[in-house]
Number of protein chains: 2
Amino acid sequence: MKRLSKNMEKKKDINKFVNKVFCEDSLKKLKEIPDNSVDLIFADPPYNLQLKNELWRPNQTKVDAVNDEWDKYESFEAYDKFCEKWLKECQRILKETGTIWVIGTYHNIFRIGKIMQDLGFWILNDITWVKTNPMPNFRGVRFTNATETLIWAKKNEQAKGYTFNYQLMKKFNNGKQMRSDWYIPICNGKERIKDKEGKKVHSTQKPEKLLKYVILSSSKEGDIILDPFAGTGTTGAVAKKYGRKWILIEMDKNYCKVIEDRLNSIQDRQEWLAEHQKTI
Amino acid sequence: MKRLSKNMEKKKDINKFVNKVFCEDSLKKLKEIPDNSVDLIFADPPYNLQLKNELWRPNQTKVDAVNDEWDKYESFEAYDKFCEKWLKECQRILKETGTIWVIGTYHNIFRIGKIMQDLGFWILNDITWVKTNPMPNFRGVRFTNATETLIWAKKNEQAKGYTFNYQLMKKFNNGKQMRSDWYIPICNGKERIKDKEGKKVHSTQKPEKLLKYVILSSSKEGDIILDPFAGTGTTGAVAKKYGRKWILIEMDKNYCKVIEDRLNSIQDRQEWLAEHQKTI
DNA sequence: GTGTAGTTTGAATCCTACG
DNA sequence: GCGTAGGATTCAAACTACA
């Protein structure tokens, strides 16, 4: 029997991961994914300081005083290392024609952008998600924090052939070129996933419209989209709705259960199209 | 004769710098300024754009790109070192009650933000300057680059008593809490300073409205405002108009001449108030 | 002076395929 | 690797010219 070609092996390999949710450590799982195999990555990395004990501290020692300067620097350093690792894996698995999106706030986005540039990612845009309904600053000591930042980048400076659906985005913007400021409400109402007690499941669930813009602007139907910090699975949900394939990684078991239910409730794009055609 | 108190000495010292334009190397001059002596810093450092090719508009005309010597750095590393140095000095000379603003685009702002955090600056907000009339993306390969980012930070996490004129900013925003997204046109028209041939003097002159928001939100009348990369002196001009003191540093002699003329043409706040009262 | 049409320009990491 | 030809590509605001 003939040996499979390298290309076939790789193709087979990535297909093992496609349209699945992996309830595992993000970095560990990313390392299993073959080189140059995914078309789009959307990453909403954690920056909660509570995680620094378990996840980011390299020497496993206890971090005590939050106010301690040394500890703060050390925790920045640990966070940087963590981000460098997962971003490096993302760069490795990204196709030459692929692009990556990373979202964050001023707490972490500057560090992430700097690391991405240092790794050789080539920034295409920084997008400002302008929240139409942000939480006000109750004490009146700062400006209302009304934005989050997304960095859109290609694999490296030389990489050619990335997808940008210019005309489609133009349509979304009343026939005018889409700008880097996006006006989108925070996720609320029916879209916001709640548990039995009516409490929100995830503290920072991203609105589907945000992912719609991300996915429709920078991927084609059939493309493989990876989310290493899937949360409640908005990336997967929007990918499925628009006929993209998905690979979701999420460490938290509760979130993973939510993702499975959410994805199951979404009709496959092909079925939807078929049904839609019938009703015409 | 009695020796002047330390406080008096310092006060005398900083007064040597006040309401002056220094045509010198920024870092060198910053080092001469005493510790804890300025109330507000606005910095518009070189962006390190790294433009490589010419850009042509669809109508076959060439874009007049930023091609100034002062924007060229050999590497990210060289740029980082430069920024670390001037930011460190800024932190030293800032009062405990003072704050700093730094503006940039995705080319440099992530590196700057990361360095600021590492130095111990405490970020209060990231402000998005949304340009109402940005240059479009001519090739249709990216989103219109419609924003710049400002980082607003205090000296360190523990620093207390910074100025934030909440009620005034609220007035500017139709009675609602001012948000972190500011809608301001690019500097153009009469405000844009041109030379005898009608060519723009500075490639990146900032609009006065931007500085108005910065200065009125985070300083009091009589405060000392420093700009280490003064350019055409917008910071000084707005400071003078609103009764603040200024310290401007700008290496380029041509720019310095422009600044002197510009500041001389602006009436002193006290005179303006007196005259205004007379005419009532 | 007024209104309208045409021109200019702005911190930009701005293409792709084929020989 | 490089050079070249082909082909797709722009928004808002200020300014100028002219009726």
Side-chain angles (χ1 to χ4, degrees), chain A residues 96-97 99 113-114 116-118 120-126 151-167 169-170 173-181, chain B residues 43-73 75-76 79 102-112 128-150 183-194 197-207 209-210 229 231-232 234:
Chain A
E96 288 289 320
T97 55
T99 55
K114 193 262 186 188
M116 288 179 73
Q117 288 183 314
D118 287 349
F121 282 109
W122 198 247
I123 298 179
L124 298 167
N125 278 117
D126 60 331
I151 296 173
W152 184 39
K154 57 180 183 173
K155 183 162 177 150
N156 53 57
E157 186 181 358
Q158 291 73 36
K160 281 181 173 31
Y162 66 87
T163 298
F164 179 54
N165 297 314
Y166 178 75
Q167 293 297 344
M169 296 314 287
K170 203 170 168 176
N173 193 36
N174 299 315
K176 275 179 280 184
Q177 185 172 91
M178 181 67 97
R179 301 165 34 120
S180 60
D181 51 330
Chain B
D44 181 14
Y47 286 9
N48 191 25
L49 286 185
Q50 303 175 293
L51 301 176
K52 283 168 183 118
N53 300 311
E54 295 174 341
L55 178 63
W56 294 80
R57 300 169 192 274
N59 65 1
Q60 307 296 332
T61 60
K62 206 165 91 176
V63 173
D64 184 16
V66 174
N67 194 25
D68 302 284
E69 275 306 315
W70 49 254
D71 197 45
K72 291 180 172 43
Y73 290 84
S75 61
F76 279 142
Y79 184 75
V102 187
I103 185 167
T105 59
Y106 67 84
H107 308 84
N108 70 328
I109 199 67
F110 303 126
R111 317 195 74 80
I112 299 236
T128 302
W129 168 21
V130 182
K131 301 177 182 180
T132 57
N133 52 348
M135 175 146 65
N137 183 288
F138 297 116
R139 311 300 297 268
V141 291
R142 303 182 181 188
F143 299 95
T144 308
N145 217 328
T147 65
E148 294 200 23
T149 301
L150 296 101
Y183 299 81
I184 302 174
I186 283 171
C187 183
N188 232 324
K190 264 179 66 180
E191 191 186 324
R192 189 81 193 232
I193 299 172
K194 309 264 174 68
E197 286 88 40
K199 272 183 66 182
K200 59 188 176 189
V201 166
H202 195 281
S203 55
T204 66
Q205 187 181 338
K206 295 290 171 292
K209 186 176 176 187
L210 187 75
F229 310 100
T232 53
T234 307

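Worth saying up front: this structure is predicted, and the values here are computed from it rather than measured. Chain letters run A, B, ... following the sequence lines, proteins first and then strands; every chain starts at 1.
Salt bridge status for B:Asp64 with B:Lys200: present, with a side-chain N to carboxylate O gap under 4.0 Å. Using a 4.0 Å cut-off between charged nitrogen and carboxylate oxygen, A:Asp181 and B:Lys131 do not count as a salt-bridge pair. B:Glu191 has no carboxylate O lying under 4.0 Å from a charged side-chain N of B:Lys209, or vice versa, which leaves the two without a salt bridge.
Remark: the separation of the P atoms in D:dG6 and C:dA11 is 35 Å, to the nearest Å. A distance of about 12 Å separates the C1' atoms of D:dT10 and C:dG10, rounded to the whole Å. Rounded to whole Å, the separation between the P atoms of D:dA5 and C:dC14 comes to 23 Å.
Evaluation of atom-type donor-acceptor distances gives no pair under 3.5 Å for the side chain of B:Lys131 against the base of D:dA13.
Of the side-chain N and O atoms in B:Lys62, none sit less than 4.0 angstrom from OP1 or OP2 of C:dT9. OP1 or OP2 of C:dA11 has not a single side-chain nitrogen or oxygen of B:Gln50 nearer than 4.0 Å. Look at B:Lys200 and you'll find a side-chain N or O under 4.0 angstrom from OP1 or OP2 of C:dG10. Distances shorter than 4.0 Å separate none of the side-chain N or O atoms of B:Lys52 from OP1 or OP2 on C:dC14. For the OP1/OP2 pair of C:dC14 and a distance below 4.0 Å, the side-chain nitrogens and oxygens of A:Tyr162 include no atom meeting the criterion.
Using a 4.0 Å heavy-atom criterion, one finds that A:Gln167 contacts the sugar-phosphate atoms exclusively. Residue B:Trp129 is out of contact with every strand shown, counting any heavy-atom pair closer than 4.0 Å. Heavy atoms of B:Glu148 sit under 4.0 angstrom from at least one base atom. Contact annotation for B:Leu55: base contact, defined as any heavy-atom pair under 4.0 Å involving a base atom. Nucleic acid contact class of B:Pro45 (heavy atoms, under 4.0 Å, all strands): base. Using a 4.0 Å heavy-atom criterion, one finds that B:Trp56 contacts no nucleic acid atom at all. When heavy atoms are screened at a 4.0 angstrom cut-off, A:Arg179 is found touching no nucleic acid atom at all. Residue B:Asn48 is out of contact with every strand shown, counting any heavy-atom pair closer than 4.0 Å. Contact annotation for B:Asp44: base contact, defined as any heavy-atom pair under 4.0 Å involving a base atom. Counting non-hydrogen atoms under 4.0 angstrom, B:Asn145 reaches the backbone sugars and phosphates but no base. Base contact: B:Thr204 has a heavy atom under 4.0 Å from a base atom. B:Thr132 comes within contact range of the sugar-phosphate backbone alone, with a heavy-atom separation under 4.0 Å but no base atom that close. Among the heavy atoms of the strands lying under 4.0 Å from B:Pro134 is at least one base atom, whether or not backbone atoms are also near.
We find that CD of B:Glu197 is positioned 18 Å from P of C:dT8, with the value rounded to whole Å. Going from atom CZ of B:Arg57 over to atom P of C:dG10 covers 7 Å, rounded to whole Å. Atom NZ of A:Lys170 and atom P of C:dC14 are 20 Å apart (whole Å). The nearest whole Å value for the distance from the CG atom in A:Asn165 to the P atom in D:dT9 is 13 Å. In this structure, the CG atom of A:Asn125 is 13 Å from the P atom of C:dA12, given to the nearest Å. In this structure, the CG atom of B:Asn59 is 18 Å from the P atom of D:dA8, given to the nearest Å.
Residues B:Phe143 and A:Asn125 share a closest heavy-atom pair of N-OD1, 2.9 Å.
The side chain of A:Lys160 sits closest to C:dT16 out of D:dA13, C:dT16, D:dT9. Of all nucleotides listed (C:dC14, D:dT9, D:dC11), C:dC14 comes nearest to the side chain of A:Trp122. Of all nucleotides listed (D:dA14, D:dC11, C:dA11), C:dA11 comes nearest to the side chain of B:Tyr47. Picking from C:dC15, C:dA12, C:dT9 the nucleotide with the shortest atom distance to the side chain of B:Leu51 gives C:dA12. Checking C:dA12, C:dC14, C:dA11 against every side-chain atom of B:Ala65, the shortest atom distance belongs to C:dA12.
Under a 3.5 Å cut-off, the side chain of A:Ser180 and the backbone N or O of B:Asn145 do not form any donor-acceptor pair. Judged by distance alone, the side chain of B:Asn137 and the main-chain N or O of B:Val141 form a donor-acceptor pair under 3.5 Å. The backbone N or O of B:Thr61 sits less than 3.5 Å from a side-chain atom of B:Asn59, completing a donor-acceptor pair.
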- Dot-bracket pairing map - DNA chain D, Watson-Crick plus G-U, both contacts under 3.5 Å, | cross-strand: .|||||....|||||||||
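Under a cutoff of 6.0 Å and an axis angle of 45°, B:Arg111 and B:Tyr79 do not form a cation-pi pair.
With no hydrogens or angles considered, a side-chain donor-acceptor pair links B:Glu148 and B:Tyr47 at under 3.5 Å. No side-chain donor-acceptor contact under 3.5 Å links B:Tyr73 and B:Gln50.
Of the residues near DNA chain C, B:Lys194 and B:Arg139, the one whose nearest nucleotide (by heavy atom distance) lies more toward the 5' end is B:Lys194.
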